[in-house]
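Predicted model, so just to flag it, every value in this text is computed and none were measured. First listed ligand is number 1; within each ligand, the first listed atom is number 1.
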Amino acid sequence: MTSFMTPAGLAAGTTRLLEGRVAIVTGSTSGIGLGIAEALAAAGAAVALNGLGAAGTIAETCERIGRTHDVPVRYDPADLMQADEAAAMVERTRRALGQVDILVNNAGIQHVAPIEDFPPEQWDQVLALNLSAVFHATRAAIGPMTRRGWGRIVNIASAHGLIASPFKSAYVAAKHGVVGLTKVAALEVAESGVTCNAVCPGYVWTPLVAGQVAAQARAHGLSEEAVVRDVFMAEQPTRRFATVEEIAATVVFLCSPGAASITGTALPVDGGWTAH
Ligand code: NAD
């Protein structure tokens, strides 16, 4: 039986369940992805961060996470709108940190508009990043995982992977696609020790949601507080944003040995939204 508990982990008072594993978290320079990268590092994994942002800030983030959790951390600059960049990111990570054991497909963008006015180029961009990049990264990482007999693919979908809201056609279509792709990947590798699951957050307070709140407040002449209370929290029965830490803890659990039989799922972390 494999144990990932190490003397270093015990000394730190944690189990460091992912000690020695190598993880990529796409879109981890901000928001949910950054929280997931931190949580995986805290569990002992070496981490490749990815996403947009100022070089100095990203370097500081890598240094801070590596020092805090005593794991290797590197930054990969892949622009995942470009189809071939996902595979290049997986290969660069393998050369720098070792074979990729954990792939968290998290990078995503939003565009909100009625279908009639939805710019086709925005549709293409949302689909490219939120869905196609998940396929390209999975395609590059899944084979070596199955040949080594262990792997975890976690796709950050959304409550909008399970239900719809108006004006989010590209996002809802992409996230439903991610849930479907998750099931296909899970079935293809089910006997190999590799699992693939989707996490479906409700609203989480991050720059992505802050931008939507500000835009709705402007569009409707309301205060941001009113938009949060009457629009966003109207959907979420707990009446509070889920936290980045709650999403990250779910991802760490799905990567842990105890989750080995959980595969092909779309797990809501949405304060009860999809229970409606
Ligand atoms: P965010 O805007 O804070 O972070 C998005 C990340 O993606 C950033 O690191 C950004 O640099 C990166 N990114 C953007 N374009 C990229 C590109 N071309 N290539 C590589 N990386 C790129 O957003 P967030 O709220 O943390 O969202 C993260 C994921 O969670 C997204 O997939 C989003 O759809 C999903 N999600 C968020 C919420 C929420 O309420 N915040 C709810 C459900 C699902």
Would [X] count as a polar contact of ligand 1, with the cut-off being nitrogen or oxygen pairs under 3.5 Å?
X	answer
I32	yes
Y171	yes
I109	no
G27	yes
A159	no
Y203	no
V209	no
T29	yes

Charged tip of R240 within 45° of W205 ring normal and under 6.0 Å: no

Heavy-atom proximity to atom 16 (C) of ligand 1, best of V25, L80, D76, L129: L129

Candidate with minimal heavy-atom separation from atom 2 (O) of ligand 1, of L208, V104, D270: L208

Among protein heavy atoms, which lies nearest [atom], and at what distance?
atom	result
atom 18 (N) of ligand 1	D79 OD1, 2.8 Å
atom 4 (O) of ligand 1	S30 OG, 3.8 Å
atom 43 (C) of ligand 1	P201 O, 3.3 Å
atom 24 (P) of ligand 1	T206 OG1, 3.5 Å
atom 32 (O) of ligand 1	N106 O, 2.7 Å
atom 40 (O) of ligand 1	V204 N, 2.7 Å

Heavy-atom side-chain proximity of [X] to [Y] below 4.5 angstrom:
X	Y	value
L97	V47	no
N105	V154	no
F241	V228	yes
V73	L49	yes
V199	N155	no
H176	V172	yes

Region of K175 engaging ligand 1 - heavy atom pairs below 4.0 Å: side chain

E60 bridged to R64 by N-O distance under 4.0 Å: no

Residues R229, E225: salt bridge by 4.0 Å N-O rule: no

Enumerated ligand 1 atoms positioned under 4.0 Å from heavy atoms of [X]:
X	value
G51	11 (O), 21 (N)
G108	5 (C), 7 (O), 31 (C), 32 (O)
M81	18 (N)
A107	7 (O), 21 (N), 32 (O)
S28	9 (O)
A78	19 (N), 20 (C)
I156	30 (O), 32 (O), 35 (C)
G31	3 (O), 26 (O)

Of T243, I247, L34, I32, the residue whose pairing with T206 passes side chain to side chain contact (heavy atoms under 4.5 Å, CB included): I32

Distance in Å, R239 CZ paired with M233 CE, rounded so as to fall on 0.5 Å steps: 8.5 Å

Does at least one non-hydrogen atom of [X] fall below 4.0 angstrom from an atom of ligand 1?
X	answer
G35	no
P207	yes
G202	yes
H160	no
T26	no

Could you pull out all donor-acceptor pairs under 3.5 Å where a side-chain atom in residues 207-224 meets a protein atom, sequence neighbours excluded?
residue : atom : partner : partner atom : Å
Q212    : OE1  : K168    : NZ           : 3.1
S223    : OG   : A226    : N            : 3.0

Centroid-centroid distance, Y171 to H111, less than 6.0 Å: no

S28 (side chain) donor-acceptor with A37 (main chain) under 3.5 angstrom: no

Donor-acceptor contact below 3.5 Å, side chain T93 vs main chain A48: no

